[in-house]
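Just so you know, these numbers use all the heavy atoms, side chains as well, and skip hydrogens, waters and symmetry mates.
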Amino acid sequence: MDSGRLTFLVVALLAALIAGCGQIRDFLAPPAPGVADEWGALLDEIRAFERRIGFRKTENFLRLSDEEDASSFCGHASRFYLPYSYEDPAIRWYDSVTEEECRKLGHEADVFFGAVEAWGEDATPVTPAMITGKLDRFLYLVIHEDCHDQFGLPYGIEEALCNLITYKAMAVFSEEKFGPYARESRAIRRHADAQSKLTRATVTFYEQLAALYARYQRVEISSGALLRKRAAIFNKAERVLAWERGELNNVAIANDMTYSRHYPFLESVFEALGRDLARTVAFFSHVDKIKPSRAAVMKQHRIAAEDSVDFIRAYEAAVVEAVRKTLAEETGSVIRANSVSR
């Protein structure tokens with residue numbers, strides 16, 4: 001499978017996972033309405049808003065595709081290893097497979113199968129699934145996928161950053177378009193607030209799993225005990241994160257962590273920048289330009305393989321440090337970087 005295509009697929013996978021896995025219920029706010037028939041006009045308004053906050057034009061969503069709809073994905077990994085993120089080579093990814101084929105590929109492994117409507121950095125069209133879905137999902141897909149075309153950061157940083165920018169932008173855009181008390185605005189704010197809470201809950205459950213797997217690696221518990229104890233963690237996580245029973249596993253939560261691990265730190269940066277979206281986009285565009293190169297990180301840490309977990313972790317840490325130092329120089333704010341060891 002082409003590695004570039006795989007990256008685009010996985011980007012879309014996590015966008016779907018974070019935005020679509022469920023919302024914390026708020027019975028005081030109505031659900032988001034469907035996308036209006038005039039989706040083209042709505043898209044133009046979103047694009048105009050994106051220009052205001054500093055996004056460059058992209059090749060995404062320039063046409064409506066009647067043939068392309070949801071794209072399936074399939075990932076599997078050992079039950080006895082907790083992957084770091086969706087880039088971890090311990091996860092094997094496949095596309096264009098059925099759910100039955102996916103389950104067979106992951107015999108006696110954790111398997112995650114699903115489908116996504118769109119992915120960025122690949123001139124993705126507007127799909128039927130997008131315009132027949134809900135308003136919050138449509139906004140999320142357009143802004144998040146366009147965000148990916150703005151930066152060249154490591155995906156463990158960029159996914160969290162684009163979620164952060166998207167959730168904040170969705171709230172501002174909906175208030176400007178519909179008014180702060182309109183049904184649409186209330187639903188969008190509820191969605192964005194819920195996703196932020198789910199992100200932090202994901203980090204908490206992953207940390208519990210990481211501690212458990214560390215015990216297993218130190219041979220403090222047996223393989224049977226590992227599976228029993230992780231099942232208890234996943235059962236609780238499924239209730240809190242609103243997953244279907246039995247669906248959450250190592251592959252799914254490692255994917256979620258690609259979006260969640262650095263989100264609290266990046267949100268702190270957003271706060272330090274005055275909650276200003278345009279300033280935030282400009283700030284991270286600058287960081288993108290001055291970030292250390294992949295080659296420099298590999299040389300500094302004596303890492304031989306760019307697709308190794310050691311490199312993924314080191315590159316993310318190097319960019320987080322660049323963000324922290326740049327913020328201190330610009331605002332005088334000193335923020336401790338979020339750290340999840342696994």
Open item on the list: Check the orientation of Y167 and Y263. Use parallel for under 30°, tilted for 30 to 60°, and perpendicular for over 60°.
Closed with: tilted

Open item on the list: Treating W93 as the side-chain partner and Y86 as the backbone partner, does any N or O pair qualify as donor plus acceptor under 3.5 Å?
Closed with: yes

TODO: Might you work through the side-chain contact (heavy atoms from CB on, under 4.5 Å) test for D95 and S72, ending with a clear yes or no?
DONE: CA-CA 6 Å; D95 62 358; S72 64; 5.6 Å; no

Task: Sub-4.5 Å side-chain heavy-atom contact between S65 and V126 - done: no

Task: Ring centres under 6.0 angstrom apart (W243, F112) - done: yes

- [ ] Mark yes or no for whether E238, through its side chain, and G246, through its backbone, hold a donor-acceptor pair below 3.5 Å.
- [x] yes

Open item on the list: If you compare all heavy atoms of F234 against all heavy atoms of N249, which two are closest, and at what distance to 0.1 Å?
Closed with: CZ-C, 3.4 Å

Open item on the list: Taking the basic N atoms (NZ, or NE/NH1/NH2) and the acidic carboxylate oxygens, is any pair closer than 4.0 Å for D110 and R230?
Closed with: yes

- [ ] Would you kindly confirm whether L209 and V111 end up in one hydrophobic cluster when ILVMFWY residues are joined by side chain heavy atoms under 4.5 Å apart?
- [x] no

Task: Distance, nearest 0.5 Å, that separates CD1 of I253 from CD of Q208 - done: 9.0 Å

TODO: Could you tell me which non-hydrogen atom of C74 sits nearest to which non-hydrogen atom of V97, and how far apart they are?
DONE: CB-CG2, 3.5 Å

Open item on the list: Could you measure the distance from the CG atom of L227 to the OG atom of S222? Nearest 0.5 Å is fine.
Closed with: 8.5 Å

Task: Proximity of F73 and Y94 rings by center, below 6.0 Å - done: no

- [ ] Answer yes or no: is there a donor N or O on one side and an acceptor on the other, between the side chain of T258 and the main chain of N255, under 3.5 Å?
- [x] yes

Task: Criterion side-chain contact (heavy atoms from CB on, under 4.5 Å) on Y81 and N250, from CA distance to verdict - done: CA-CA 8 Å; Y81 172 79; N250 285 2; 5.8 Å; no

TODO: Name all residues meeting the side-chain hydrogen bond (donor to acceptor under 3.5 Å, both in side chains) criterion together with E271; count only those two or more places apart in sequence or in a different chain, and write none if there are none.
DONE: R275

TODO: Return yes when atom CZ of R302 has more than 12 non-hydrogen atoms of other residues, nucleotides or ligands closer than 6.0 Å, and no otherwise.
DONE: no

Open item on the list: Check this for me, if you would: do D288 and K291 make a salt bridge, where the nitrogen-to-carboxylate-oxygen distance has to be below 4.0 angstrom?
Closed with: yes

Open item on the list: I need the minimum non-hydrogen distance between S185 and F178, along with the two atoms involved.
Closed with: OG-CB, 3.7 Å

Open item on the list: Tell me whether the rings of Y140 and H191 are parallel (<30°), tilted (30 to 60°) or perpendicular (>60°).
Closed with: perpendicular

Open item on the list: Is a donor from one side chain sitting under 3.5 angstrom from an acceptor on the other, for S223 and R79?
Closed with: no

Task: Minimal non-hydrogen separation, A201 against L241, with atom names - done: CB-CD2, 3.7 Å

Open item on the list: Side chains of Y315 and M298, heavy atoms from C-beta outward: is any pair under 4.5 Å?
Closed with: no

Open item on the list: Please check if the number of heavy atoms outside R218 that lie under 6.0 Å from its CZ is greater than 12.
Closed with: yes

TODO: Answer yes if the side chains of E159 and H148 hold a donor-acceptor pair under 3.5 Å, and no otherwise.
DONE: yes

- [ ] Nearest 0.5 Å please: distance from the NE2 atom of H76 over to the CZ atom of R103.
- [x] 12.0 Å

Open item on the list: Looking only at the side chains, is there a donor atom on one of N60 and T124 sitting less than 3.5 Å from an acceptor on the other?
Closed with: no

Open item on the list: Can you tell whether the side chains of E101 and K104 come within less than 4.0 Å, N to carboxylate O?
Closed with: no

- [ ] Taking only Lys NZ, Arg NE, NH1 and NH2, and the carboxylate oxygens of Asp or Glu, determine whether R200 and E267 approach each other closer than 4.0 Å.
- [x] yes

Task: F283 vs L327 side-chain heavy atoms within contact, under 4.5 Å - done: yes

Task: side-chain contact (heavy atoms from CB on, under 4.5 Å) between D149 and F55, intermediate numbers included - done: CA-CA 9 Å; D149 288 66; F55 275 22; over 6 Å; no

- [ ] Kindly determine whether R189 and E175 satisfy side-chain contact (heavy atoms from CB on, under 4.5 Å), including the steps that lead there.
- [x] CA-CA 9 Å; R189 286 198 305 270; E175 287 193 14; 3.3 Å; yes

Task: Test: K325 and E329 ion pair at under 4.0 Å - done: no

Task: S174 (side chain) donor-acceptor with A171 (main chain) under 3.5 angstrom - done: yes

- [ ] Working to the nearest 0.5 Å, report the span between CG of D276 and CD1 of I53.
- [x] 10.0 Å

Task: F113 side chain near T98 side chain, heavy-atom distance below 4.5 Å - done: no

- [ ] Answer yes when R47 and E50 have at least one side-chain N-carboxylate O distance shorter than 4.0 Å, and no when they do not.
- [x] yes

Task: Whether F284 and F151 hold their rings parallel, tilted or perpendicular, with breakpoints at 30° and 60° - done: perpendicular

Task: Y206 OH to D256 CG distance, which is reported to the nearest 0.5 Å - done: 11.5 Å

TODO: Calculate, to the nearest 0.5 Å, the distance between atoms CG and OG1 belonging to L266 and T280 respectively.
DONE: 10.0 Å

Open item on the list: Are L82 and F80 connected into the same hydrophobic cluster when the rule is that any two of I, L, V, M, F, W, Y join if their side-chain heavy atoms are below 4.5 Å apart?
Closed with: yes

Open item on the list: Closer than 3.5 angstrom, by distance alone: can the side chain of R137 be matched with the main-chain N or O of M130 as a donor-acceptor pair?
Closed with: no

Open item on the list: Assess whether a salt bridge exists between R261 and E207, defined as any Lys/Arg side-chain N lying under 4.0 Å from an Asp/Glu carboxylate O.
Closed with: no

Open item on the list: Measuring only between side-chain heavy atoms, which start at C-beta, is L212 closer than 4.5 Å to I221?
Closed with: yes

- [ ] Measure up the F173 and F49 rings against each other and bin them: parallel (under 30°), tilted (30 to 60°), perpendicular (over 60°).
- [x] perpendicular

Open item on the list: Are more than 12 heavy atoms, taken from residues, nucleotides or ligands other than E176, located less than 6.0 Å from that residue's CD atom?
Closed with: yes

Task: Geometric class of the Y213/Y216 ring pair [parallel <30°, tilted 30-60°, perpendicular >60°] - done: perpendicular

Task: Shortest non-hydrogen contact between I143 and A169, atoms and distance - done: CD1-CB, 4.1 Å

Open item on the list: Is any side-chain heavy atom of N163 closer than 4.5 Å to one of Q195?
Closed with: no

TODO: Please confirm whether the backbone N or O of A305 pairs with a side-chain atom of S308, one donor and one acceptor, at under 3.5 Å?
DONE: yes

Task: Minimum-distance pair of heavy atoms, taken over all atoms of V251 and A77 - done: CG2-N, 3.6 Å

Open item on the list: Any donor-acceptor pair under 3.5 Å linking the side-chain atoms of H301 with those of D310?
Closed with: no

Task: Listed partners of E247 passing salt bridge (Lys or Arg N to Asp or Glu O under 4.0 Å), at least two apart - done: none

